[in-house]
Structure formats: structure tokens, C-alpha cells
Colleague: 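Sharing a structure below in C-alpha cells format, with a few things to ask.
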Amino acid sequence: SVGFPLVCLLTASGASCCYLLSWMFGQPILENFFPAKLDYLRQTIAKNNSSLFFFLISLRLLPVTPNWLLNVVSPLANVPLGKFFLSMFIGLMPYNFLCCQGGLVLSRLTSVQDIFSYQTFLLLVTMAAMALVPTILVKRRQSSTEKKVD
């Protein structure tokens, strides 16, 4: 009951510590190696300034941008710490909820047999096979395209 809010608070606090470290020490390094990327990021933040909080939450909810990267570049893109903290707290709630649920499931296990059942094994094999399907389809498409070109 206390775990989920605590995880959300600690996740946002840890990301804010990364934000502050980047704010204090990261700017000279990133400005030296990635000046064009930082300018682009600053322009994107400025364009979305009227709805910055919701823009930041959408970046957290959509797993396109790595969270560590957002933690490092946000202070350099002039994102206020308060909006950053709240967007972390709210935006990572779905992920934190899944992690907490996983922890609850693990805490209820009594033996190794609870994990390694035939049903679990078949489920894992099915998921692995489904993950391979797009790769197989892309390779088939590429090989059929190459045959047509020849």
C-alpha cells in the first residue's frame, strides 16, 4: 500500500538528482560535443513551452526517448526543476506500477516450481517465437525484393 507511492517519489527524486548533477557539471561537456543537438532540443522545448508539462509527461509515457537522456539534457534545455520532477512522478507511474506488481508476484513465490512450470515455459517460448516473427517477415521481404532485382 505504501510501496507504489514511495517508488514514484524515489524515482522522481533520483531523476532530479541526475538533473541537478547535469545542471552543475554536464553543460560544458555536452555543449562541447553536441552543440547542434542541444540547440535543437532547446528549440523543441521552447516550441512546446505553453504545454511543457504535458509534453514532458508524453515523453515519459512513450518509450521512444530513454529516461536517462531526458534526465541529463532537461536542465540544459531550460526545463524547470519543478515541472521536471512532477513529470517524472506522474509520467513513470505506469512503469512503477508494473514493477511493484512484479515485486508482489515474486514475494508470493514459495518454490522454484512456482516459476518453472510447463505453462510458464510454453508461455515464454510462445512470446519468444512471436518476437521473432517480425524479423523473419522482414528478412523474407528483403530476400524476395533482392530476387526481383536480380
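Basis for what follows: all heavy atoms, side chains included, without hydrogens, waters or symmetry-related copies. Remember, it's a predicted structure, so these values are computed and weren't measured experimentally.
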Colleague: Would you say the side-chain atoms of Ser13 pair up with the backbone N or O of Leu10, donor to acceptor, closer than 3.5 Å?
Modeller: no
Colleague: Between Phe53 and Ser87, what is the shortest heavy-atom contact and its length?
Modeller: CE1-N, 3.7 Å
Colleague: Out of curiosity, Gln27 CD to Leu38 CG, how far, rounded to the nearest 0.5 Å?
Modeller: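 Rounded to the nearest 0.5 Å, the CD-CG separation comes out at 8.0 Å.
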Colleague: Which of parallel (below 30°), tilted (30 to 60°) and perpendicular (above 60°) describes Phe4 and Phe97?
Modeller: perpendicular
Colleague: Taking all heavy atoms of Phe84 and all of Asn71, pick out the closest pair and write down the distance.
Modeller: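 Scanning both residues completely, I find the closest heavy atoms to be CZ-OD1, 3.4 Å.
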Colleague: Would Trp23 end up clustered with Phe25 when hydrophobic side chains under 4.5 Å apart are linked, directly or stepwise?
Modeller: yes
Colleague: Kindly say whether Leu70 contributes a backbone atom to a donor-acceptor pair with the side chain of Tyr19 at under 3.5 angstrom?
Modeller: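 Not at all, since once roles are kept as given, no pair shorter than 3.5 Å links the two residues.
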Colleague: Tell me the closest heavy-atom pair linking Ile45 and Ala77, and the distance in Å.
Modeller: CG2-O, 3.6 Å
Colleague: If we only count heavy atoms from C-beta on, is the Ser74 to Leu81 side-chain gap below 4.5 Å?
Modeller: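 Heavy-atom side-chain distance check fails, nothing below 4.5 Å.
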Colleague: Can you name the residues that form a side-chain contact (heavy atoms from CB on, under 4.5 Å) with Thr11, not counting sequence neighbours?
Modeller: Val7, Met88, Leu92, Asn96
Colleague: With rounding to the nearest 0.5 Å, note down the distance linking CZ in Phe34 to CG in Leu41.
Modeller: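 The CG atom of Leu41 is 12.5 Å from CZ of Phe34, to the nearest 0.5 Å.
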Colleague: Is it the case that the side chain of Arg42 and the backbone of Leu76 share a donor-acceptor pair, with hydrogens and angles ignored and the cut-off at 3.5 Å?
Modeller: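 Yes, Arg42 side chain to Leu76 backbone: donor-acceptor pair under 3.5 Å.
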Colleague: Can you give me the closest heavy-atom contact between Ile57 and Gly91, atom names plus distance?
Modeller: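 In this case the closest contact between Ile57 and Gly91 is CG2-CA, 4.3 Å.
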Colleague: If you measure from CG on Leu56 to OG on Ser58, what distance do you get to the nearest 0.5 Å?
Modeller: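 Going from CG on Leu56 over to OG on Ser58, the span is 7.5 Å.
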Colleague: Taking all heavy atoms of Leu9 and all of Phe89, pick out the closest pair and write down the distance.
Modeller: N-CE1, 3.6 Å
Colleague: Give the cluster check for Leu69 versus Leu59: same hydrophobic cluster or not, with ILVMFWY residues linked at side-chain heavy-atom distances below 4.5 Å.
Modeller: no
Colleague: Contact between Thr44 and Phe55 at the side-chain level, heavy atoms closer than 4.5 Å - yes or no?
Modeller: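 They are in side-chain contact.
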Colleague: Is the shortest side-chain heavy-atom distance between Val73 and Ser22 below 4.5 Å?
Modeller: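 No, side chains not in contact.
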Colleague: Going hydrophobic residue to hydrophobic residue with side-chain gaps under 4.5 angstrom, can you get from Leu30 over to Leu21?
Modeller: no
